[in-house]
Number of protein chains: 2
Amino acid sequence: MTEEEKTTEKTILDAAKKVFLAKGYDGARMQEIADEAKINKSLVHYYFRSKDKLFDAIFKDAFSQFIPKVAETMASDKDIFEKISIFIDTYIEMFINNPHIPTFILHEINRNPDRIVGLFKETKIDPSVFGLTVINEINKGTIKPINPLHLIINMISMCVFPFAAKPILKGFIFQNNENAYLQFIAERKKEVTEFIIRSIKN
Amino acid sequence: MTEEEKTTEKTILDAAKKVFLAKGYDGARMQEIADEAKINKSLVHYYFRSKDKLFDAIFKDAFSQFIPKVAETMASDKDIFEKISIFIDTYIEMFINNPHIPTFILHEINRNPDRIVGLFKETKIDPSVFGLTVINEINKGTIKPINPLHLIINMISMCVFPFAAKPILKGFIFQNNENAYLQFIAERKKEVTEFIIRSIKN
DNA sequence: TTTAATTTTGACCACTTGGTTAATCCATTT
DNA sequence: AAATGGATTAACCAAGTGGTCAAAATTAAA
């Protein structure tokens with residue numbers, strides 16, 4: 001419980017997060033994590049018994065990072081257009097700060113589907129909350145009839161994909177100009193929100 | 001050049017495709033590929049000198065699979081709404097038949113960005129072709145003003161993501177009901193097309 | 001049938017991997 | 001200062017990795 005200990009554990013977690021997010025479970029090496037943390041490899045095992053345990057910690061962390069805010073927004077009493085706008089902004093902003101998360105999660109859920117489904121169920125997220133809001137607005141005539149599930153998947157798709165496909169966009173479209181790519185991403189907050197609202201607004 | 005030889009090589013390629021697509025480069029094992037092909041591991045090296053070489057073959061194949069049709073559609077002289085409709089249909093249908101491609105490519109382009117950018121450039125795909133069509137239609141007043149790049153990324157996003165995120169959708173939303181998931185995917189051909197057109201049509 | 005060439009195999013190798021262990025270091029307590 | 005206990009290290013290990021090689025099996029050529 002000393003300062004020392006907490007610092008070391010955190011150091012390892014930070015290093016592990018960096019390596020795991022960049023290379024995935026299979027591509028990550030315990031030695032590389034130790035190097036990144038500038039400590040002996042045994043120390044990593046001393047704090048987290050195995051690669052699996054360490055990975056679990058990182059995965060849970062990465063995963064829990066992008067759930068709460070979204071759930072919070074969805075449960076609020078703002079009108080649906082504002083909800084959508086905040087949702088898109090929050091999602092994109094979070095990925096700007098954690099650009100590896102999309103690819104990481106998308107790859108790892110394929111390697112181990114059960115783990116992630118379990119994590120999702122732990123979060124107590126209820127996909128029907130937003131669905132009810134949508135249906136409600138449809139009935140009020142605020143928006144056009146639409147399948148709420150398709151709508152939410154559309155929203156998430158347009159936020160996630162440009163990050164998962166960053167090397168293509170940056171390398172092929174933007175000639176490796178990082179700033180051009182980042183500006184494109186920044187534009188999307190407004191662009192995607194408007195694109196969605198234009199499609200559903202009555 | 002006998003029947004035998006061609007068959008063996010194809011057998012290996014098929015096995016390798018299956019394993020690489022499911023597990024990625026790092027997760028794939030030469031032994032597993034050999035087992036899948038029901039041959040000796042050395043034989044894999046006999047036909048494709050190394051894991052890298054074999055992977056390159058698979059990657060190029062997987063990659064080239066989803067480029068031509070799309071390019072063809074985009075270059076045609078159909079009106080923009082039809083182009084969009086065909087684009088969405090083609091894309092989704094192809095992923096239905098190759099469900100691992102999205103995750104595979106998204107993961108591997110992060111591991112080796114240069115390779116994929118090179119492959120893209122080989123394809124001679126010109127992103128501006130569709131862009132010009134869009135601008136043209138905007139000027140004619142057929143569709144609302146929109147940044148063509150954001151539009152095309154939106155389109156691809158909504159096609160790709162539901163496949164990359166299959167384990168989440170299937171496990172969390174559809175309670176592991178494969179058919180429910182597949183039906184949802186099938187619905188998206190119509191749903192996404194309408195969603196887009198509704199947003200841009202004047 | 002004999003010979004030559006090709007394809008397939010099993011044994012093997014060097015290296016890397018995650019993980020263990022015993023010794024050492026170091027701060028705190030007595 | 002001595003002892004205690006946790007933190008850190010270096011050396012090491014067994015299992016698995018991609019890859020090689022020479023022998024065997026099969027096919028083609030003579």
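A note on names: the letters A, B, ... follow the listed sequences, proteins ahead of strands, and every chain is numbered from 1.
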Is Y47(B) close enough to dT8(C) that one of its side-chain N or O atoms is under 4.0 Å from OP1 or OP2 there?
yes

Minimum heavy-atom distance R198(A)-K144(A), with the two atoms named
O-NZ, 4.5 Å

Atom CD1 of I39(A) and atom P of dA7(D) are separated, to the nearest Å, by 13 Å

Closest approach of M158(A) to S157(B) (non-hydrogen atoms, all atoms of both residues):
CA-CB, 3.8 Å

Among dT7(C), dT20(D), dA7(D), which nucleotide has an atom closest to any side-chain atom of L43(A)?
dA7(D)

Of all heavy-atom pairs linking A164(B) and I109(A), the shortest is O-CD1, 3.8 Å

Heavy atoms only: give me the nearest E178(A)-K170(A) pair and the separation to one decimal.
OE1-NZ, 2.7 Å

For S64(A) and D61(A), the nearest pair of non-hydrogen atoms, with its separation, is OG-O, 3.1 Å

N/O-N/O pairs, protein side and nucleotides 14-18 of chain C side, under 3.5 Å:
residue: dT17(C); atom: OP1; partner: R29(A); partner atom: NE; Å: 2.7
residue: dG18(C); atom: OP1; partner: A28(A); partner atom: O; Å: 3.3
residue: dG18(C); atom: OP1; partner: K51(A); partner atom: NZ; Å: 3.2
residue: dG18(C); atom: OP2; partner: M30(A); partner atom: N; Å: 3.2
residue: dG18(C); atom: N7; partner: K41(A); partner atom: NZ; Å: 3.1

d(OH, Y46(B); P, dA5(C)) in whole Å:
13 Å

Within this structure, what is the NZ-to-P distance between K38(B) and dT8(C), rounded to whole angstrom?
16 Å

Rounded to whole angstrom units, what separation is found between the CZ atom of F48(B) and the C1' atom of dT7(C)?
14 Å

Residue pair K23(B) / A28(B): nearest heavy atoms and the distance that separates them:
CB-N, 4.0 Å

Just how far, in rounded Å, is P of dT17(D) from CG of D52(B)?
16 Å

Report yes if a side-chain nitrogen or oxygen of N40(A) is closer than 4.0 Å to either non-bridging phosphate oxygen (OP1 or OP2) of dA10(D); otherwise report no.
yes

Any S42(A) side-chain N or O less than 4.0 Å from OP1/OP2 of dA10(D)
no

